[in-house]
Amino acid sequence: MAKRLKQSLGIDVSKLNLSLSLGFLTDKLDKEFISHSDVSNDISGYKELLKWLRKSVDSSVDFLVVMEATGVYHQGIAHYLHGQGYAVCVMQSGRVKRYAQSLDQRSKTDALDSRMLSMLGLERSIRLWRPPSKELQQLKALSRERSSLLKDRTIENNRQGAIESSVYSNSKAQKRHKNRLKLFNSQIALIEQEMQELTSKNEVLKRKIGFMTSIPGISYISAATVIGETLGFESIMNAKQLTSYAGYDVVLRESGNFKGKTRISKKGNSHIRAALHMPSMTCVRCNPTLKQFYNRLKPKKAKPLVALIAVQRKLLILMYTLWKNEEVYDANFETKKQQKHKALAAQDNNLITQLVS
């Protein structure tokens with residue numbers, strides 16, 4: 001009998017059910033899979049899954065649970081299995097899709113997806129998932145609620161303008177709309193106050209937000225939204241991964257004589273892109289570094305919006321850098337870096353001259 005080297009459980013998550021596939025990698029580099037009937041995505045299903053795992057998993061072999069991030073539906077099972085002591089990995093949808101494409105798998109079912117996730121866990125070295133802190137989860141929920149209310153308020157503002165411009169306007173309808181707008185404004189203000197109170201109680205979070213708001217043009221709400229959506233950049237390892245997560249990664253399509261236009265993928269967190277739109281417009285006016293960057297790009301582009309999106313991307317990376325390094329924004333950083341590179345180049349040239357002579 002072949003010896004098992006690694007075990008991986010793939011879970012395809014939907015709102016109501018969990019599709020399961022348990023895979024084993026043997027010393028002959030073969031893969032074996034066993035399946036279980038779907039379980040419900042609730043506590044009773046979690047207990048049924050746990051009972052099956054305890055019977056099927058070899059405790060002497062490394063074991064990993066792999067699932068794809070699916071909004072909020074994966075959170076329950078991820079927290080439950082992590083609490084039971086299992087190693088859990090929550091994969092971004094983009095990485096899962098690219099891996100699935102490499103398998104040349106034409107059919108798509110829940111059972112096949114769970115098996116594909118199990119294979120991914122067997123073949124790849126994956127970074128483990130850790131539950132985010134309670135404060136970060138609450139901050140994300142509050143920022144999402146605020147974003148939803150802002151959209152609803154915009155709809156009501158547009159509707160209010162239409163009612164007032166109508167020939168057959170109704171004074172009672174106008175009054176009701178004004179009351180709804182007042183309610184939206186009061187709830188948005190209340191949420192922003194709760195966000196401030198939440199971060200002020202956590203000294204580490206408060207200090208790190210201070211680093212991000214030191215950037216001219218970045219408000220507390222913008223910084224808190226980015227932190228909430230990334231859960232404190234917990235799963236972000238580098239700038240490239242961050243831009244992909246936010247949908248700012250650049251896509252270029254060319255084939256033969258066809259030359260496509262360069263654009264951002266937008267296959268990422270739309271809440272981050274929405275949160276950085278207004279700050280980017282402020283930064284190109286009041287931030288000396290980003291203003292220069294924007295003006296350098298703008299003449300080369302047919303649409304100023306393209307240059308503005310580039311500013312948003314650069315702004316997001318800058319926020320991530322300050323958060324990780326715990327540094328205050330320095331407007332002269334780029335100039336200092338260029339001067340440092342010139343000084344190092346001059347030292348190298350002097351050394352080469354001395355060696356040659």
[Y] and [X], any side-chain heavy atoms less than 4.5 Å apart:
| X | Y | value |
| --- | --- | --- |
| Ile215 | Met319 | yes |
| Ser235 | Arg127 | yes |
| Ser21 | Leu117 | no |

Mark yes or no for whether [X], through its side chain, and [Y], through its backbone, hold a donor-acceptor pair below 3.5 Å.
| X | Y | result |
| --- | --- | --- |
| Asp30 | Thr26 | no |
| Ser118 | Ser114 | no |
| Asn202 | Val204 | yes |
| Gln137 | Pro132 | yes |
| Ser200 | Gln196 | yes |

query: When rounded to the nearest 0.5 angstrom, what is the spacing between CG in Asn287 and OG in Ser280?
result: 11.5 Å
- request: Quick one: pull up CD in Gln160 and CD1 in Ile155 and give me the separation to the nearest 0.5 Å.
  value: 14.5 Å
Taking all atoms of both residues into account, what is the closest heavy-atom pair of [X] and [Y], and its distance?
| X | Y | result |
| --- | --- | --- |
| Lys97 | Lys267 | NZ-NZ, 3.9 Å |
| Ala246 | Leu316 | CB-CD2, 3.7 Å |
| Tyr73 | Asn41 | O-ND2, 3.1 Å |
| Leu297 | Ala307 | CB-CB, 4.0 Å |
| Met91 | Val96 | CB-CG2, 3.5 Å |
| Gly217 | Cys283 | CA-SG, 3.9 Å |

task: Identify whether NZ of Lys or CZ of Arg in Lys314 sits under 6.0 Å from the centre of the six-membered ring of Phe293 and within 45° of that ring's axis.
output: yes
task: Mark yes or no: Arg313 above the aromatic ring of Tyr248, with NZ or CZ under 6.0 Å from the six-membered ring centre and no more than 45 degrees from the axis.
output: no
query: For the residue pair Trp52 and His36, does the interplanar ring angle fall in the parallel (under 30°), tilted (30 to 60°) or perpendicular (over 60°) class?
result: tilted
query: Any idea how Tyr80 and Tyr46 line up, ring-wise: parallel (<30°), tilted (30 to 60°), or perpendicular (>60°)?
result: tilted
task: For side-chain contact (heavy atoms from CB on, under 4.5 Å), just list the numbers for Thr199 and Glu135, CA-CA rounded to whole Å, side-chain angles, deciding distance to a tenth of an Å, and then say yes or no.
output: CA-CA 8 Å; Thr199 54; Glu135 290 87 352; over 6 Å; no
- prompt: Does the pair Leu128 and Leu64 meet the rule for a side-chain contact (heavy atoms from CB on, under 4.5 Å), with working shown?
  reply: CA-CA 9 Å; Leu128 297 183; Leu64 178 68; 3.4 Å; yes
- request: Just grab all the salt bridge (Lys or Arg N to Asp or Glu O under 4.0 Å) pairs involving residues 184-206, residues at least two apart or on different chains.
  value: Arg146-Glu192
query: Pairs in or reaching into residues 215-232: which pass salt bridge (Lys or Arg N to Asp or Glu O under 4.0 Å), with residues at least two apart or in two chains?
result: Arg144-Glu229
message: Which residue is it: Phe211, Tyr329, Phe233? I am looking for the one with a ring pair (Phe, Tyr, Trp, His ring centres under 6.0 Å) to Trp323.
response: Phe233
field: Side-chain donor-acceptor pair present, Thr225, Ser222, cut-off under 3.5 Å
entry: no
Val57 with Leu25, same ILVMFWY side-chain cluster at under 4.5 Å: no
task: For residues His74 and Trp129, establish whether the separation of their ring centroids is below 6.0 Å.
output: no
- prompt: Arg159 and Glu156: salt bridge (Lys or Arg N to Asp or Glu O under 4.0 Å), yes or no, with the steps?
  reply: CA-CA 5 Å; Arg159 190 173 293 159; Glu156 287 300 325; 3.0 Å; yes
field: Carboxylate-amine/guanidinium proximity below 4.0 Å for Arg207 and Glu326
entry: yes
task: Start with the C-alpha gap between Phe63 and Leu22, add the side-chain angles, then the distance that decides, and say whether side-chain contact (heavy atoms from CB on, under 4.5 Å) holds.
output: CA-CA 10 Å; Phe63 175 65; Leu22 180 60; 3.6 Å; yes
message: Working note: Lys134 + Gln138, criterion side-chain contact (heavy atoms from CB on, under 4.5 Å); need CA distance, chi angles, decisive distance, verdict.
response: CA-CA 6 Å; Lys134 184 178 179 180; Gln138 291 176 343; 3.3 Å; yes
